[in-house]
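For reference, the structure is listed below as structure tokens.
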Number of protein chains: 2
Amino acid sequence: MPEELGVAAGLVRLTFLVQSVYAEVCREHGLTPPQAQLLCVVTDAPRRMSDLVPTMRLEKSSLTGLVDRVERKGWVRRVASPEDGRAVTVELTASGRRLAETFRAQATDRLNEMVACMPPDVCTTFASIADRIVSEHAVPAVFPDAS
Amino acid sequence: MPEELGVAAGLVRLTFLVQSVYAEVCREHGLTPPQAQLLCVVTDAPRRMSDLVPTMRLEKSSLTGLVDRVERKGWVRRVASPEDGRAVTVELTASGRRLAETFRAQATDRLNEMVACMPPDVCTTFASIADRIVSEHAVPAVFPDAS
DNA sequence: TATTGTTATACTCTATAACTATA
DNA sequence: TATAGTTATAGAGTATAACAATA
């Protein structure tokens, strides 16, 4: 009988909470979570489909559909690779970049509010441990830092 | 230029990692994440549909479909409430209980391994902070502790 | 009338398998 | 042959709106 949640239960519940906040911000911007993630991943630089597959951990056909829907919304565009005739690169459009930026800013605000119930030093400790876990497991940059 | 991830980015990436591990364990048991969550929520006691709606943060029609699929697999059963002729209670079957227990145990192991790269005292600190955030936000028990 | 739950419908997300085009 | 990407198909998950039954 744990006086306090174990690590596993704490992680699952924390994940549930973060997902809820993330999904809510997505909805406010007319995005679904996978769509938002795609925009975030492509924010820094255009990426090949074959590169996005391992990053987003999707099958290539799933990615095709996701990019289709996001492209139809006008937020990304497919560009043929000049080096490899088979390859396709996905890049943000201007409106996609604006959306990605406001989404990122608002999601960051909400998540910061979420942990604001704790003193700043506890937040810092928490962030550094989370960072350590993430680094240890080569988690892709599915959410960009403010630049 | 952050020397280290901000809290928000760390949380999103940590969530991505936990989801990956959780989803993988689900697959190994023939479950989807929402199905596993339903089993976990119903583990402690039978629950009404109307009670599961806020707990799982789904619309009632979404819950109807989820319970349909899990019931078809033979893991839960619907029971009419004796007190209220409109109400339906969802409870685990025997095989559902076995599945929920092995799922919970394995997911716990995997998540513990995930953080085992850190010294035990750091894990403990991390767990207690996660617990604090979760408590502050009334996150439902979507994952049970070992009993 | 209000609440509980289901049905109808539409769309997103995902995977597997088969296919096309290029390397 | 191998790789990059799409298409076809099927099923899960979700929401909105309309509905039936009970309170």
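Sequence lines set the chain letters: A, B, ... in the order given, protein chains first and strands last, and positions in each chain run from 1.
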Atom CD of B:Q35 and atom C1' of D:dT14 are separated, to the nearest Å, by 14 Å

Judged by atom type as modelled, is there a donor-acceptor pair below 3.5 Å linking the side chain of B:R13 to the main-chain atoms of A:F143? yes

Rounded to whole Å, CD of A:Q37 lies from C1' of C:dT12 at a distance of 15 Å

* With respect to the phosphate group of C:dA15, does any side-chain polar atom (N or O) of A:S61 fall under 4.0 Å of OP1 or OP2? -> no

Problem set entry | Heavy atoms from other residues, nucleotides or ligands near CZ of B:R78 exceed 12 (cutoff 6.0 Å) | yes

Margin query: I'd like to know whether CZ of B:R48 has more than 12 heavy-atom contacts from other residues, nucleotides or ligands below 6.0 angstrom.
Written below: yes

Closest to the side chain of A:L58, out of C:dG5, D:dT14, C:dA15, is C:dA15

Exercise for the section: Ignoring backbone atoms, test whether A:S81 places a side-chain nitrogen or oxygen under 4.0 Å from the OP1 or OP2 oxygen of D:dA4. Expected result: no

Taking for A:R72 and for A:R57 the nucleotide of DNA chain C with the nearest heavy atom, the one nearer the 5' end belongs to A:R72

### A:F126 and B:F126 aromatic ring geometry - parallel, tilted or perpendicular at 30°/60° bounds
parallel

Q. Would you say a side-chain N or O of A:R78 is under 4.0 Å from OP1 or OP2 of D:dT6?
A. yes

Original post:
Using a cut-off of 4.0 Å on non-hydrogen atoms, how would the nucleic acid contact of A:G85 be classed: base, sugar-phosphate, or nothing?
Top reply: sugar-phosphate

From the candidates D:dT22, D:dT16, D:dG13, the one with an atom nearest any side-chain atom of B:P34 is D:dG13

| query | With sugar-phosphate meaning primed atoms plus P, OP1 and OP2, does B:D68 contact a base, only sugar-phosphate, or nothing at under 4.0 Å between heavy atoms? | reply | nothing

Contact class for B:T64 vs. all strands (heavy atom < 4.0 Å): base, sugar-phosphate, or nothing?
base

Whole-Å distance, B:L38 CG to D:dT14 P, equals 11 Å

When rounded to whole Å, the CZ to C1' distance for the pair A:R47 and D:dA4 reads 16 Å

Side-chain contact check for B:T32: nearest option of D:dG13, C:dG5, C:dA15 is D:dG13

**Whether B:T93 side chain and B:G74 backbone form a donor-acceptor pair below 3.5 Å** = yes

By nearest-nucleotide position on DNA chain D, the 5'-leaning member of B:K60 and B:D84 is B:K60

Using a heavy-atom cut-off of under 4.0 Å over every strand shown, decide if A:L63 touches base, sugar-phosphate, or nothing.
-> nothing

note: A:R48, atom CZ; C:dA23, atom P; distance rounded to Å ~ 11 Å

Separation of C:dG5 atom P from B:E71 atom CD, nearest Å, is 13 Å

Is the phosphate of D:dG11 approached by B:R69 (side-chain N or O, under 4.0 Å from OP1 or OP2)? no

By nearest-nucleotide position on DNA chain C, the 5'-leaning member of A:L66 and A:E83 is A:L66

Is there a side-chain polar atom (N or O) of A:R86 under 4.0 Å from OP1 or OP2 of D:dT6? no

Discussion item. What I want to check is whether an N or O donor and acceptor connect the side chain of A:S62 with the base of C:dA15 at under 3.5 Å.
Written reply: yes

Rounded to whole Å, CG of A:L52 lies from P of D:dA4 at a distance of 13 Å

Separation of D:dA10 atom P from A:E59 atom CD, nearest Å, is 19 Å

In terms of heavy-atom contacts, A:M114 and A:L14 come closest through CE-CD1, 4.4 Å

